[in-house]
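Some notes on the structure that comes next.
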Amino acid sequence: MKKKIISVMLAAVLAGALAGCSSELSNDYVTVKQYKGLEVPQPAQTEVTDEQVDQVIESNLAAYAEREDVTDRPAQNGDIVNIDYTGYIDGVAFDNGSAEDAELELGSNSFIGATDDYPGFEEQIEGHKAGDEFDITVQFPEEYSLNPDMAGEVADFHIVLNSIQTESVPELTDEWVQENSEESETVDEYREEIRSTLEESVEESARSELRTSVLNALLENTEVKKYPEDTVNEMKDRYTEAYVQTAEVYGMDLGEFLESYMQTTEEELNAQAEEYAQQAATLQEAVKLIAEKEKLEPSEEEYQESAAEYAGQSGYDDVEAFEKEVGEDLLKAQILQDAVAEYLVDECIQVEQSDDAQ
């Protein structure tokens with residue numbers, strides 16, 4: 001009899017425990033079926049290599065390169081020249097074939113290269129001195145993706161060579177490190193500083209990938225009862241307004257811009273906006289439920305810190321001006337979503353992806 005009573009008690013306790021572990025949450029709009037233990041793809045772990053460290057160091061050194069004008073000899077491979085040029089086909093200047101004060105490193109193969117019949121653009125500048133004016137003839141490549149209409153065409157260019165410069169990149173020395181690093185004193189320390197920075201970047205990239213994955217998984221585990229109409233309409237308006245503003249920058253109306261640059265129509269854009277708004281509203285409701293359940297709402301101090309970070313990333317020194325620009329409600333929703341995403345990442349199950357899955 002005792003065994004039976006104990007078994008019943010254990011069953012009751014187990015049932016209660018299982019009920020307590022249930023992570024289903026619900027409000028008038030959505031039901032979150034699961035949010036703890038979401039399965040997401042494990043980010044690829046990219047190890048920082050010596051080559052990557054070298055590339056960053058070379059880039060940093062190049063940023064401190066010094067230039068010197070060349071006046072006592074003609075231009076040669078490796079020089080940086082400043083030129084004006086005008087391109088002609090059969091004596092007629094063609095569109096997008098002219099520029100002033102164009103900077104070009106000779107030997108970089110940035111301009112039209114050589115063909116069997118004609119030397120390259122850059123090669124024909126070599127041998128000329130600053131102040132020279134001269135003409136060259138080149139042939140566009142047979143496959144020219146920048147302007148297929150010019151493929152294979154022979155063109156003349158009138159060149160004005162404004163100036164010639166050489167560029168001197170500093171060597172990586174302890175002295176250079178001491179002058180340009182706030183953390184390191186020696187070359188070895190500087191290399192470790194760069195490696196550490198790259199590793200932090202890789203880790204943050206993986207974390208960002210996980211945040212995106214868990215929010216997508218949360219959406220998949222959220223059942224919609226009905227959409228919050230006001231929120232959906234607001235998000236639709238924001239989505240389309242971004243395209244309207246971009247069209248204005250190009251001096252076009254929305255329909256013309258969509259057809260010319262997006263290869264789509266206003267009808268298709270509205271459908272995209274509706275889908276985006278519904279998903280965003282669904283995620284927002286799910287996030288609010290989890291934040292309330294797990295007590296993840298940021299404090300006022302945490303909110304201000306996050307708002308200041310967002311403002312800085314967007315180029316604002318004034319947080320209040322940034323809040324006014326994007327909308328305080330939208331900013332608070334984004335900061336809340338960030339907090340929930342971090343929580344979900346900590347609670348998720350990372351699944352290693354096989355080569356077949358990739």
Side-chain angles (χ1 to χ4, degrees), residues 46 48-173 176 191 194 198 249-251 257 259-263:
T46 305
V48 174
T49 65
D50 291 341
E51 183 180 1
Q52 289 173 315
V53 173
D54 290 339
Q55 288 173 347
V56 172
I57 291 175
E58 288 172 8
S59 177
N60 291 349
L61 290 171
Y64 288 86
E66 295 182 353
R67 291 187 179 182
E68 184 176 343
D69 289 326
V70 174
T71 57
D72 59 349
R73 63 165 175 79
Q76 62 187 30
N77 189 56
D79 288 342
I80 297 170
V81 296
N82 182 287
I83 59 173
D84 302 336
Y85 63 84
T86 305
Y88 301 88
I89 293 180
D90 296 329
V92 179
F94 56 88
D95 292 340
N96 302 316
S98 303
E100 294 183 353
D101 290 324
E103 194 170 270
L104 170 63
E105 180 182 348
L106 300 182
S108 65
N109 298 317
S110 303
F111 280 39
I112 303 165
T115 64
D116 291 340
D117 298 319
Y118 297 91
F121 188 104
E122 297 171 27
E123 296 170 43
Q124 298 184 67
I125 294 177
E126 294 178 25
H128 292 278
K129 289 187 175 182
D132 285 355
E133 288 193 44
F134 52 95
D135 296 309
I136 65 173
T137 302
V138 298
Q139 183 176 26
F140 284 89
E142 293 296 336
E143 295 184 4
Y144 191 59
S145 59
L146 294 177
N147 186 350
D149 293 338
M150 300 296 291
E153 292 283 355
V154 174
D156 298 313
F157 282 87
H158 182 71
I159 309 291
V160 179
L161 181 49
N162 299 316
S163 66
I164 306 169
Q165 292 183 316
T166 57
E167 191 170 70
S168 176
V169 178
E171 294 183 12
L172 181 62
T173 62
W176 185 90
R191 291 185 65 82
I194 298 300
L198 287 173
V249 171
Y250 282 81
F257 171 76
E259 182 178 352
S260 300
Y261 288 92
M262 307 301 295
Q263 288 74 55

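Sequence positions, counted from 1, serve as the residue numbers for this chain. Values reported hereafter were calculated over all heavy atoms of this structure, with side chains retained and with hydrogens, waters and symmetry mates removed.
- Every side-chain hydrogen bond (donor to acceptor under 3.5 Å, both in side chains) that Glu133 has, sequence neighbours left out, goes to His158.
- Under the 4.5 Å side-chain criterion, counting only non-hydrogen atoms from C-beta, Glu105 is not in contact with Ser110.
- The 12-atom threshold is not exceeded at CD of Glu100, counting heavy atoms of other residues, nucleotides or ligands nearer than 6.0 Å.
- Here Thr137 pairs with Asp156 under the side-chain hydrogen bond (donor to acceptor under 3.5 Å, both in side chains) rule; sequence neighbours left out.
- In this structure Asp54 satisfies the side-chain hydrogen bond (donor to acceptor under 3.5 Å, both in side chains) test together with Arg191, sequence neighbours excluded.
- A salt bridge (charged side-chain N to carboxylate O under 4.0 Å, His left out) check over residues 106-115, counting only residues at least two apart or in different chains, returns nothing.
- Taking the side chain to side chain contact (heavy atoms under 4.5 Å, CB included) definition, one finds that Thr86 meets it with Tyr88, Ala93, Ser98, sequence neighbours left out.
- Counting only residues at least two apart or on different chains, the salt bridge (charged side-chain N to carboxylate O under 4.0 Å, His left out) pairs with a member in residues 78-99 are Arg73-Asp79.
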Could you go through residues 139-154 and list every donor-acceptor pair under 3.5 Å that involves a side-chain atom there, pairing it with any protein atom two or more places apart or in another chain?
{"residue": "Gln139", "atom": "OE1", "partner": "Thr115", "partner atom": "OG1", "Å": "3.2"}
{"residue": "Gln139", "atom": "NE2", "partner": "Gly152", "partner atom": "O", "Å": "3.2"}
{"residue": "Asn147", "atom": "OD1", "partner": "Asp149", "partner atom": "N", "Å": "3.2"}

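- Note: His128 and Phe134 have parallel aromatic rings, judged against thresholds of 30 and 60 degrees for the angle between ring planes.
- From Asp132, atom CG reaches atom CD1 of Ile83 across 13.0 Å, with rounding to the nearest 0.5 Å.
- Applying the side-chain hydrogen bond (donor to acceptor under 3.5 Å, both in side chains) test to Tyr64 and every residue at least two apart in sequence or in another chain returns Asn180.
- In this structure the side chain of Ile136 never reaches within 4.5 angstrom of the side chain of Tyr85, judged on heavy atoms.
- With rounding to the nearest 0.5 angstrom, the CD1 atom of Ile80 is 12.0 Å from the CD1 atom of Ile164.
- With rounding to the nearest 0.5 Å, the separation of OG1 in Thr173 from CG in Leu61 is 9.0 Å.
- Judged as a side chain to side chain contact (heavy atoms under 4.5 Å, CB included), and not counting sequence neighbours, Glu259 has no contacts.
- Atom CD1 in Ile125 sits 5.0 Å away from atom CD1 in Ile159 (nearest 0.5 Å).
- For Ala62, there are no side chain to side chain contact (heavy atoms under 4.5 Å, CB included) partners, not counting sequence neighbours.
- Atom-to-atom distance recorded for Asn109:CG and Glu123:CD is 8.5 Å, nearest 0.5 angstrom.
- A ring-centre distance under 6.0 Å is not found for Phe157 and Phe111.
- Looking at heavy atoms from C-beta onward, Asn77 lies in side-chain contact with Glu126 at the 4.5 angstrom threshold.
- Closest approach of Ala155 to Phe94, counting heavy atoms only: CB-CE2, 4.0 Å.
- Residues passing the side chain to side chain contact (heavy atoms under 4.5 Å, CB included) test with Asn82 are Asp101, Asn162, Ser163, sequence neighbours excluded.
- Considering all non-hydrogen atoms of both residues, Val138 and Gln124 come closest at CG1-NE2, 3.5 Å.
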With a cut-off of 3.5 Å and sequence neighbours excluded, list every side-chain donor-acceptor pair involving residues 165-172.
{"residue": "Gln165", "atom": "OE1", "partner": "Arg67", "partner atom": "NH1", "Å": "3.4"}
{"residue": "Gln165", "atom": "NE2", "partner": "Asp69", "partner atom": "OD1", "Å": "3.0"}
{"residue": "Glu167", "atom": "OE2", "partner": "Arg67", "partner atom": "NE", "Å": "3.2"}

